[in-house]
Participant: 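The structure under discussion is supplied below as C-alpha cells; questions concerning it will follow.
Throughout, a chain's letter reflects where its sequence line sits, starting with A, and its residues are numbered from 1. On a predicted model such as this, the values are computed, not experimentally measured, just so you know.
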Amino acid sequence: MPELPEVETTVAGIKPYLIDTMIERLVIRQPQLRWPVTQGIEDTAKGLKIENVSRRAKYILISLTTGSFLIHLGMSGSLRLITNTDLLKKHDHIQMHLSNGHVLTFHDPRRFGCWLWSKYDHALLEKLGPEPLSSNFSGEYLWNKARKRKAPVKSFIMDSRIVVGVGNIYANEALFESGIKPQRRAGKISFKRYEVLAENIKVILSSAIEQGGTTLRDFTNSKGEPGYFEQSLSVYGRAGKACVKCNQPLKEIRLAQRSSVFCRSCQS
DNA sequence: CTTTCAGCCTGACGGC
DNA sequence: TGCCGTCAGGCTGAAA
C-alpha cells in the first residue's frame, strides 16, 4: 500500500512530465472512489496549464491556474504515465491527457483513493499535523502533544492530526527501532524516548524515500510503482518469526483494528 | 475534549 | 476446480 515514501516518489516521478503542460482532456471512467469524483471536472480542467505538482501528507496536489486536484492513492492506488496507444488495464479509473502526449493514469482496484477538485483550499488538508521530515516535528513536539493522552502510542503517532504520513508499516518499524511497546499509553512515555522515536521516524521514512529514488528509473513504464518494496522490514509482516535483535518470536496484537507486531523483550 | 468504530472496496488466500 | 468466507488496510466522520 502506498505509504508516504511511495507518494513522495510518485510525485518526483510524474512532476517533470506534468509541469507547464496543458490538460487536453480528462476522462473519468469510474467516478465512484472513496468519495465521488468532483462532478464536472472534465470541463473545468480542459485547456488548463499545470503549474505545480506537490505532496502534503499522503495527498498529491496538482495545481492548475484556477484550482487544484487533490489525489489520494488509498490502499491500492497508483499513478503512471502512458501514451495514447497503450492498452488500458482493469481499474484504470481516470486518465488525464496532456499536450505533450503523456497520459497520466489513475489505477485503483480497491477504490479507497480519491480525485477531488477545489478552487481554493481543500478541506481535507485543514486539520493535518506537521510533516514528519520537517523541523516542526521533533521529540519535544510529540512529548508536548502526548500530555494526558491515554491512547496507545502507536495510534497516537498514526493520528494525522498529530503527525502525517506515518502509516501502519512505518509505525510498527519505528516503535521497534525505538524499543517502545506499541500499546504503551502515549502520555506515559518520557521526553527522552520521544526524542528517539521522532528521530527513528525521520530516519526510516527518509531512507525509504531514498531507496525509492534510487530504484526509480523511468516513471513512464507500465508499472507506475516505485520498486523499493524489497526493503527489509524488521517486524511488519513477521509475526511469529524471530526478532532480528534477540531471536525471540515476535508477537502480534491488534490496536485500533490494525495489526501491530513487536518484540516482547526488546520493546517496553 | 478524547477515543472508538463503521464503512468504503477488491483481490488474495485458505478450507472444503 | 470453484465457491465462499475472511482478511487486509488509510482515512474520515459519526458515535460514545
Side-chain angles (χ1 to χ4, degrees), chain A residues 1-11 28-38 55-61 69-79 88-94 106-116 118 121-132 142-175 182-189 201 204-205 208 223-226 229 233 235-240 250 252-261:
Chain A
M1 72 254 36
E3 292 261 355
L4 184 129
E6 281 97 325
V7 178
E8 179 74 19
T9 307
T10 296
V11 168
I28 317 286
R29 296 199 168 74
Q30 169 57 277
Q32 295 305 314
L33 304 181
R34 170 148 196 219
W35 296 288
V37 174
T38 311
R55 177 189 68 73
R56 173 73 175 108
K58 293 182 193 166
Y59 294 98
I60 297 166
L61 277 153
F69 291 125
L70 185 75
I71 300 165
H72 198 288
L73 301 177
M75 294 293 310
S76 57
S78 64
L79 289 170
L88 276 181
K89 293 184 187 178
K90 194 178 179 183
H91 307 302
D92 281 347
H93 304 315
I94 300 176
F106 177 81
H107 176 89
D108 187 9
R110 291 185 195 175
R111 291 197 259 140
F112 274 24
C114 66
W115 186 304
L116 300 170
S118 175
D121 295 328
H122 291 273
L124 292 171
L125 303 181
E126 267 173 21
K127 291 174 184 171
L128 296 179
E131 289 287 330
L142 276 182
W143 186 83
N144 279 325
K145 282 281 180 188
R147 293 311 84 212
K148 300 194 175 169
R149 294 270 188 153
K150 291 175 183 172
V153 61
K154 178 161 174 279
S155 308
F156 175 68
I157 60 170
M158 289 179 70
D159 183 339
S160 63
R161 291 164 302 187
I162 302 300
V163 57
V164 301
V166 182
N168 196 36
I169 295 175
Y170 293 114
N172 277 301
E173 295 297 313
L175 288 168
Q183 62 270 50
R184 180 165 292 278
R185 292 186 177 203
K188 302 257 176 178
I189 291 171
I201 290 172
I204 288 170
L205 286 176
K223 283 183 72 185
E225 290 167 8
F229 303 104
L233 298 172
V235 287
Y236 182 80
R238 297 195 64 245
L250 296 172
E252 178 168 29
I253 56 169
R254 292 190 76 80
L255 288 174
Q257 286 96 250
R258 288 184 178 87
S259 157
S260 310
V261 187

Participant: It should be established whether H91(A) places a side-chain nitrogen or oxygen under 4.0 Å from OP1 or OP2 of nucleotide dC9(B).
Facilitator: no
Participant: Take atom CD1 of I162(A) and atom P of dC11(C), then tell me their distance rounded to the nearest Å.
Facilitator: 15 Å
Participant: Select base, sugar-phosphate, or nothing to describe what K148(A) touches, counting heavy atoms under 4.0 Å on all strands.
Facilitator: nothing
Participant: Please report the distance, rounded to the nearest Å, between CZ in R254(A) and C1' in dG10(C).
Facilitator: 14 Å
Participant: Let me know the distance between CZ of R161(A) and P of dG13(C), rounded to the nearest Å.
Facilitator: 11 Å
Participant: Just checking Q32(A): base, sugar-phosphate only, or nothing, at a heavy-atom cut-off of under 4.0 Å?
Facilitator: nothing
Participant: Can you tell me if the side-chain N/O atoms of R110(A) get under 4.0 Å from OP1 or OP2 in dG11(B)?
Facilitator: no
Participant: Let's see if you can work this out: which of dG11(B), dT12(C), dC9(B) has an atom nearest to the side-chain heavy atoms of P109(A)?
Facilitator: dG11(B)
Participant: Between C1' on dG11(B) and NZ on K90(A), what's the gap in Å once rounded to a whole number?
Facilitator: 9 Å
Participant: Hey, is E6(A) close enough to K58(A) for a salt bridge, meaning N to O under 4.0 Å?
Facilitator: no
Participant: Between D108(A) and H93(A), is the side chain to side chain donor-acceptor pair (under 3.5 Å) condition met? List the steps.
Facilitator: CA-CA 7 Å; D108(A) 187 9; H93(A) 304 315; 5.7 Å; no
Participant: Check the distance between dT4(B)'s P and F156(A)'s CZ and give it to me in whole angstrom.
Facilitator: 14 Å
Participant: Return the value, rounded to whole Å, for the distance between atom NZ of K150(A) and atom C1' of dT4(B).
Facilitator: 15 Å
Participant: Under 4.0 Å, heavy atoms only, any strand: does L124(A) hit a base, just the sugar-phosphate, or nothing?
Facilitator: sugar-phosphate
Participant: Could you state the CZ-C1' distance from R111(A) to dA8(C), rounded to the nearest angstrom?
Facilitator: 17 Å
Participant: Looking at L255(A), I253(A), I157(A), which one forms a side chain to side chain contact (heavy atoms under 4.5 Å, CB included) with P152(A)?
Facilitator: L255(A)
Participant: Report yes if at least one side-chain N or O of K58(A) is closer than 4.0 Å to OP1 or OP2 of dG10(C); otherwise report no.
Facilitator: no
Participant: Looking at H72(A), does any N or O in its side chain come under 4.0 Å of the phosphate oxygens OP1/OP2 on dG10(C)?
Facilitator: no
Participant: Can a side chain N or O of Y59(A) be found less than 4.0 Å away from OP1 or OP2 on dT12(C)?
Facilitator: yes
Participant: Between D108(A) and R34(A), who's closer to the 5' end of DNA chain B by nearest nucleotide?
Facilitator: R34(A)
Participant: Just checking R161(A): does its CZ atom have more than 12 heavy atoms from other residues, nucleotides or ligands closer to it than 6.0 angstrom?
Facilitator: no
Participant: Please work out if S155(A) contacts a base, only the sugar-phosphate, or nothing of the nucleic acid, heavy-atom cut-off 4.0 Å.
Facilitator: nothing
Participant: Applying a 4.0 Å non-hydrogen cut-off, can you work out what S76(A) is touching in the nucleic acid: base, sugar-phosphate, or nothing?
Facilitator: nothing
Participant: Between Q183(A) and K154(A), is there a side-chain heavy-atom distance shorter than 4.5 Å?
Facilitator: no
Participant: What is the distance, to the nearest angstrom, from the CZ atom on R258(A) to the P atom on dG10(C)?
Facilitator: 6 Å
